[in-house]
Amino acid sequence: MRIPRVIAVANQKGGTGKTLTAFELAMAFIARGLRVRLVDADPQSAALTAWLVACFPEGRRWTLTDVLMERCSLADATYPTAYVGLFMVVSAPDLGEVENSIEKPPGVESLLQYHLASEKDFDVTIIDSGPSLALPTVAALVAAHEVVVPVQAASGLDVKGAASLKTTIKKIQSRLNPELRIAATVLTDFEKSTLARTIGARMVKAFPGSLVVPARQSVRVGEAQLAMKPLRVFAPGTTTTLDYDLAAAVLLGQRVPPQRTAT
Ligand SMILES: Nc1ncnc2c1ncn2[C@@H]1O[C@H](COP(=O)(O)OP(=O)(O)OP(=O)(O)O)[C@@H](O)[C@H]1O
Ligand SMILES: [Mg+2]
């Protein structure tokens, strides 16, 4: 296993399960004893920053916007959370304004990559991106070693979102980050059906060599969000938690029984 490792969770389509996947993967990694940083690269206020509360020291609260505007380093903007081993970089609504700011630093899309390359404090950094291919998502893809693409198991449209993502990834690979690879598709909100199988097969075809991992549907997911807790803490034994454990194992390159990765 190559550590440190940077994983971008991306799909430009909205509501595919990116934030849930980023959060639960992070929780699965810390359960394995890894030191994990979650970066919220989505300016939407209802995203990860609202769900996972960071512990800020008094008088200091840097966000990802400050990192991209070169007001602080990524390390400065990384805060502990209530969960041992889990740290986070929070988002802010002004993150979406960086792209059009006249003061944005040159090469801003490579800034996260720059910070991550020179800093080895975390085993895994997971970047949750928003439903667009705007600057924060591009910065995440430039910084990442691997991409995880969540698609709703019952949505044909999510597969189309993933196709546009593929074009962007190819451009980033050829211009800014040749190491980038698509590691896995997570079929979120999964229920066994012919459609889910077809979508899984389409994703394998779209991203050859990547693995497809189902994350089963559970009402506990919404309940955990309401309670502002990770699913793993709110409902430890749910099938969805077990599925994210499997996804974490797959990403770490650990051996898993073959039938668990098939859809
Ligand atoms: N396994 C699951 N079981 C039940 N509901 C799920 C599951 N996975 C995802 N969902 C639901 O899907 C919805 C979208 O999830 P999430 O917010 O993670 O998507 P997103 O891709 O981050 O959205 P956005 O594009 O807006 O950032 C949520 O309401 C979540 O509760
Ligand atoms: Mg999200």
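All heavy atoms count here, side chains included; hydrogens, waters and symmetry mates do not. Being a predicted model, the structure only gives us computed values, none of them experimental. Atoms within each ligand, like the ligands themselves, are counted from 1 in listed order.
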| query | Taking distance alone, with no angle check, do Ser218 and ligand 1 share an N/O pair under 3.5 Å? | reply | yes
Note: ligand 1 atoms sitting under 4.0 Å from heavy atoms of Arg216 are 1 (N), 2 (C)
Numbered in order shown, the ligand 1 atoms found under 4.0 Å of a heavy atom of Gln152 are 12 (O)
Ranked by distance from atom 23 (O) of ligand 1, the top protein heavy atom is Gly15 N, 3.1 Å
Legend entry - Atom CZ of Phe56 with >12 non-hydrogen neighbours under 6.0 angstrom: yes
Same cluster or not: are Leu68 and Tyr79 linked, directly or through other Ile, Leu, Val, Met, Phe, Trp or Tyr residues, by side-chain heavy atoms under 4.5 angstrom apart? no
Contact region, Asp42 to ligand 1, non-hydrogen atoms below 4.0 Å, reads side chain
Would you say that more than 12 heavy atoms from the other residues, nucleotides or ligands in this model lie under 6.0 Å from the CZ of Arg202, or not? no
Regarding Asp42 and Gln44, do their side chains bring together a donor and an acceptor under 3.5 Å, going by distance alone? yes
task: Say whether, by atom type as modelled, one donor and one acceptor occur between the side chain of Arg5 and the main chain of Leu251 under 3.5 angstrom.
output: yes
(Q) Hydrophobic clustering (ILVMFWY, side-chain heavy atoms < 4.5 Å, transitive) - are Leu52 and Trp62 grouped together? (A) yes
One finds that the ligand 1 atoms under 4.0 Å from a non-hydrogen atom of Gly14 are 25 (O)
Here the atoms of ligand 1 under 4.0 Å from any heavy atom belonging to Leu20 are 7 (C), 8 (N), 9 (C), 18 (O)
Here the atoms of ligand 1 under 4.0 Å from any heavy atom belonging to Gln44 are 24 (P), 26 (O), 27 (O)
Do the side chains of Arg35 and Asp123 get close enough for a salt bridge, i.e. N-O under 4.0 angstrom? no
- Message: I'd like to know whether NZ of Lys205 has more than 12 heavy-atom contacts from other residues, nucleotides or ligands below 6.0 angstrom.
- Response: no
**Request:** Determine, for Arg232 against Asp245, whether the closest basic-nitrogen to carboxylate-oxygen distance falls under 4.0 angstrom.
**Result:** yes
A student checking ligand 1 against Thr19 at a 4.0 Å heavy-atom cut-off should list atoms 18 (O), 20 (P), 22 (O)
closest protein heavy atom to atom 5 (N) of ligand 1 is Asp189 OD1, 3.5 Å
Determine whether the aromatic ring centres of Phe87 and Phe122 lie less than 6.0 Å apart. yes
closest protein heavy atom to atom 29 (O) of ligand 1 is Gln225 OE1, 4.1 Å
Taking the side chain from Arg37 and the backbone from Ile127, do they hold a donor-acceptor pair closer than 3.5 Å? no
For this session: Please confirm whether Arg220 comes under 4.0 Å of ligand 1, counting heavy atoms of the residue only.
Result: no
Heavy-atom proximity to atom 21 (O) of ligand 1 ranks first, among Glu24, Lys18, Gln12, Lys13, for Lys18
Thr240 heavy atoms within 4.0 Å reach ligand 1 at atoms 1 (N)
- Does the protein place any heavy atom closer than 4.0 Å to atom 11 (C) of ligand 1? no
Ligand 1 atoms nearer than 4.0 angstrom to some heavy atom of Thr16 are 19 (O), 20 (P), 21 (O)
Evaluate the side-chain contact (heavy atoms from CB on, under 4.5 Å) criterion for residues Phe190 and Gln217: first the C-alpha distance (whole Å), next the side-chain angles of each, then the deciding distance (0.1 Å), finally the verdict. CA-CA 5 Å; Phe190 179 86; Gln217 188 175 75; 5.9 Å; no
In this structure, does ligand 1 have an atom that sits under 4.0 Å from one of the heavy atoms of Ala215? yes
Can you tell me if Gly130 contacts ligand 1 (heavy atom of the residue under 4.0 Å from the ligand)? no
Closest to atom 19 (O) of ligand 1 among protein heavy atoms sits Gly17 N, 3.0 Å
Exercise. Short check: any N/O/S atom of Thr19 below 2.8 Å from the Mg ion (ligand 2)?
Worked result: yes
